[in-house]
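Every number for a ligand or one of its atoms is a count from 1 in the order of the listing. All figures in this text were calculated on a predicted structure; none of them were measured in a lab.
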Amino acid sequence: MLSLTNKRILLGITGGISAYKCAELVRLFIQAGSEVRVAMTDAAQEFITPLTLQALSGNHVFTNLVDVEAEAAMGHIELARWADVILIAPTTADFMAKITQGEANDIVSTLVLATQAPIAIAPAMNQVMWSSTATQKNLSELALRGIKIFGPGEGEQACGEIGLGRMLEPEELVKRSSELFELGLLAGKSIVITGGPTREAIDPVRYISNHSSGKMAYALAAEAAAEGAKVTLISGPVSLETPARVERINVESAEEMLERVMSLPTNIDIFIGVAAVADYRPAKFTDEKIKKSKENLDLKLIKNPDIISKVTELAIKPFAVGFAAETNSIVENGRQKLEEKNLDLLFANNAVETFNNDNITVTAIDHSSERQLGPANKSVVARQMIELISCTLKEGLME
Ligand code: PMT
């Protein structure tokens with residue numbers, strides 16, 4: 001089920017007795033790493049409550065086409081665009097007929113019509129209804145349009161008859177859904193990325209910091225998530241939007257960043273230190289604003305902990321990727337940091353050119369070789385970095 005990590009599943013429920021199994025279905029999708037949103041027809045709500053599905057999915061459940069409150073948060077067109085797949089389970093005979101006709105007079109059929117995502121249906125109905133000419137004709141038409149048909153299964157039916165028409169079990173529906181997606185380069189990997197600057201407080205209104213914008217870290221987080229990784233981004237103060245499917249933890253200082261990194265689960269696969277962590281912080285934080293009384297102000301600075309080195313000292317060391325922002329001897333200094341900090345890979349770049357710029361040129365350095373990436377936009381280079389990391393992770397060295 002690795003390919004379901006970070007996937008957005010829109011579950012449409014129509015009015016069949018097997019709708020009660022959707023509670024388990026939602027649970028299994030979430031367990032597989034997907035985000036789930038649910039839309040229900042009126043008839044579906046006779047079999048399972050929106051509240052149950054809201055509690056399990058952690059998201060508002062869409063029940064009406066015209067729902068002012070729901071539309072304000074996420075409109076139905078936005079929801080149709082949001083989905084990576086729409087699964088209608090169970091799909092009644094009536095609903096099959098409805099979408100064959102292209103009707104859109106309830107929330108679920110409207111989503112089917114409004115989406116460009118793949119659609120899958122899990123038919124569930126009485127066996128005679130399933131084998132009827134009308135249903136079979138609708139089925140052929142839907143299959144011809146590229147709609148995936150999951151099931152139905154055979155066996156005892158709620159009406160007491162035996163035959164084809166049972167909705168596939170939730171485990172099977174999750175498995176079939178996962179087969180719709182290709183595995184990303186980092187499917188199932190857990191990645192922690194630090195990004196942005198840190199701020200080291202002097203007094204309540206002043207701090208020491210640097211010009212890191214977070215652009216490089218955020219581009220990497222977006223690319224890693226797109227490749228199926230579970231990404232946690234520990235970010236210093238920046239004014240960027242959190243990329244889709246990325247969990248972001250905001251921090252201010254280096255000590256706080258270290259604390260958050262160390263409190264994460266120990267089963268991290270990859271750690272990428274992009275953050276421009278301040279190497280020093282004021283030895284003493286002054287509770288009140290320092291007054292401009294003297295001609296000179298002596299500020300004693302003490303060394304901050306080296307976060308990435310603490311990570312590489314862990315008993316279970318993740319694949320560790322560092323960055324080095326240098327102003328001279330970029331590759332030599334970068335290689336020294338690779339060795340000193342016990343990293344697997346390091347991207348060395350020119351500090352003056354890279355900070356707060358949209359573009360970057362880096363030298364990728366491992367223990368035996370070097371390779372230049374860019375100059376290009378940080379998103380383009382982030383994509384190349386993710387390919388390189390995935391490849392090095394699998395094969396040991398860069399080349
Ligand atoms: O944020 P942008 O504007 O997009 O700019 C990108 C960038 C210039 C910040 C990025 O490309 C970059 O080079 N990041 C590392 C910056 C840096 O300060 O490197 P360093 O040479 O000080 O540190 C080497 C490595 O150790 C880095 O992975 C750093 O995250 C890590 N480190 C450093 C100090 C410290 N106390 N703890 C650390 O973990």
Side-chain angles (χ1 to χ4, degrees), residues 191-200 208-223 233-241 243 251-262 264 268 270-281 301-314 317-366 372-382 384-385 389:
I191 302 193
V192 175
I193 301 176
T194 63
T198 62
R199 283 183 185 169
E200 311 300 327
I208 298 170
S209 190
N210 58 63
H211 293 295
S212 170
S213 62
K215 287 178 188 170
M216 189 65 245
Y218 279 58
L220 267 171
E223 289 298 326
L233 176 60
I234 304 188
S235 176
V238 297
S239 49
L240 296 174
E241 288 215 358
V251 298
E252 290 268 330
S253 67
E255 283 189 302
E256 205 186 334
M257 188 174 270
L258 175 69
E259 192 190 315
R260 297 312 294 259
V261 167
M262 288 301 159
L264 289 171
I268 299 166
I270 303 169
F271 180 87
I272 312 180
V274 196
V277 185
D279 288 320
Y280 295 90
R281 68 176 184 278
L301 300 178
I302 55 170
K303 216 169 182 181
N304 262 330
D306 194 299
I307 299 169
I308 205 162
S309 298
K310 298 265 181 222
V311 170
T312 59
E313 282 164 13
L314 287 172
K317 173 182 171 275
F319 184 85
V321 183
F323 273 68
E326 305 291 336
T327 51
N328 58 294
S329 308
I330 295 173
V331 176
E332 293 73 18
N333 288 335
R335 181 163 292 289
Q336 197 177 337
K337 283 182 182 166
L338 175 88
E339 304 297 344
E340 278 172 6
K341 299 188 185 215
N342 191 19
L343 306 176
D344 297 288
L345 193 60
L346 180 133
F347 297 110
N349 58 104
N350 184 317
V352 183
E353 288 172 7
T354 314
F355 273 104
N356 199 18
N357 196 326
D358 288 333
N359 296 323
I360 189 168
T361 307
V362 294
T363 305
I365 307 173
D366 72 5
Q372 186 176 314
L373 307 179
N377 185 279
K378 283 177 178 167
S379 315
V380 175
V381 175
Q384 296 169 348
M385 287 172 168
I389 290 169

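By the 4.0 Å heavy-atom criterion, Pro305 is counted among the residues contacting ligand 1. Heavy atoms of Ala324 come nearer than 4.0 angstrom to ligand 1 in at least one pair. By the 4.0 Å heavy-atom criterion, Lys341 is counted among the residues contacting ligand 1. Every heavy atom of Met257 sits 4.0 Å or more from the atoms of ligand 1.
Summarising the contacts of atom 37 (N) of ligand 1 with Asp279, Ile307, Leu338, the nearest heavy atom is found in Ile307. Looking at Phe323, Tyr280, Phe355, it is Phe323 that brings a heavy atom closest to atom 24 (C) of ligand 1.
The side-chain heavy atoms of Lys337 and Ile308, taken from C-beta on, include no pair separated by under 4.5 Å. Side-chain contact check for Glu255 versus Asn304: some heavy-atom pair is nearer than 4.5 Å. Taking the side chain as every heavy atom from C-beta outward, Phe323 and Met216 approach each other to under 4.5 Å.
The heavy-atom pair separating Ala324 from Gly334 by the smallest distance is CB-CA, 4.1 Å.
No part of Val238 comes within 4.0 Å of ligand 1, judged by heavy-atom distances. Heavy atoms of Asn349 found under 4.0 angstrom from ligand 1 belong exclusively to the side chain.
Residue Ser213 places at least one N or O, backbone or side chain, under 3.5 Å from an N or O of ligand 1. Residue Gly322 places no N or O, backbone or side chain, under 3.5 Å from any N or O of ligand 1. An N or O contact shorter than 3.5 Å is missing between Asn357 and ligand 1 by distance. Polar contact check, Gly196 against ligand 1: no nitrogen or oxygen pair lies under 3.5 Å apart. Some N or O of Gly273 is nearer than 3.5 Å to an N or O of ligand 1, by distance alone. Residue contacts with ligand 1: Lys337 is placed with a nitrogen or oxygen under 3.5 Å of a nitrogen or oxygen of the ligand (distance criterion only). Taking only nitrogen or oxygen atoms, main chain and side chain alike, Ala276 does not reach within less than 3.5 Å of ligand 1. Residue Val274 has at least one nitrogen or oxygen atom sitting less than 3.5 Å from a nitrogen or oxygen atom of ligand 1, judged on distance alone.
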Under 3.5 Å donor-acceptor pairs involving side-chain atoms of residues 352-361, not counting sequence neighbours:
unit_1	atom_1	unit_2	atom_2	d
Thr354	OG1	Asn349	OD1	3.0
Thr354	OG1	Asn350	O	2.7
Asn357	OD1	Asn359	N	3.1
Asn357	ND2	Glu353	O	3.0
Asp358	OD1	Lys215	NZ	2.9
Asn359	OD1	Asn377	N	3.3

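Remark: ligand 1 atoms within the under-4.0 Å shell around heavy atoms of Met216 are 4 (O), 6 (C). Residue Asn356 approaches ligand 1 through these ligand atoms, each under 4.0 Å from one of its heavy atoms: 3 (O). Here is the list of ligand 1 atoms found below 4.0 Å of a heavy atom in Ser212: 1 (O), 2 (P), 3 (O), 9 (C). Short contacts between ligand 1 and Lys378, defined as distances under 4.0 Å to a heavy atom of the residue, involve ligand atoms 2 (P), 3 (O), 4 (O), 5 (O). Close contacts of ligand 1 with Ala325, meaning ligand atoms under 4.0 Å from a residue heavy atom, involve 13 (O), 16 (C), 19 (O), 21 (O). Taking every non-hydrogen atom of Ile308 and a distance limit under 4.0 Å, the qualifying atoms of ligand 1 come out as 26 (O), 28 (O), 31 (C), 38 (C), 39 (O).
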Could you go step by step and tell me if Asp344 and Thr312 meet the side chain to side chain contact (heavy atoms under 4.5 Å, CB included) rule? CA-CA 10 Å; Asp344 297 288; Thr312 59; over 6 Å; no
Determine, stepwise, if the pair Leu264 / Phe271 fulfils side chain to side chain contact (heavy atoms under 4.5 Å, CB included). CA-CA 11 Å; Leu264 289 171; Phe271 180 87; over 6 Å; no
Side chain to side chain contact (heavy atoms under 4.5 Å, CB included) for Thr198 and Arg281? Distances and angles first, verdict last. CA-CA 10 Å; Thr198 62; Arg281 68 176 184 278; over 6 Å; no
Between Leu301 and Ile208, is the side chain to side chain contact (heavy atoms under 4.5 Å, CB included) condition met? List the steps. CA-CA 10 Å; Leu301 300 178; Ile208 298 170; 3.5 Å; yes
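Heavy-atom contacts from other residues, nucleotides or ligands closer than 6.0 Å to CD of Gln372 number more than 12. Summarising the local packing, NZ of Lys310 is surrounded by 12 or fewer heavy atoms from other residues, nucleotides or ligands at distances under 6.0 Å.
Atom 29 (C) of ligand 1 has as its closest protein heavy atom Ala275 O, 3.4 Å.
Without hydrogens or angle criteria, Asn210 side chain to Ala278 main chain gives no donor-acceptor distance under 3.5 Å. Without hydrogens or angle criteria, Asp366 side chain to Leu345 main chain gives no donor-acceptor distance under 3.5 Å. Of the possible donor and acceptor atoms, one in the side chain of Glu200 sits under 3.5 Å from a partner among the backbone N and O of Ala254.
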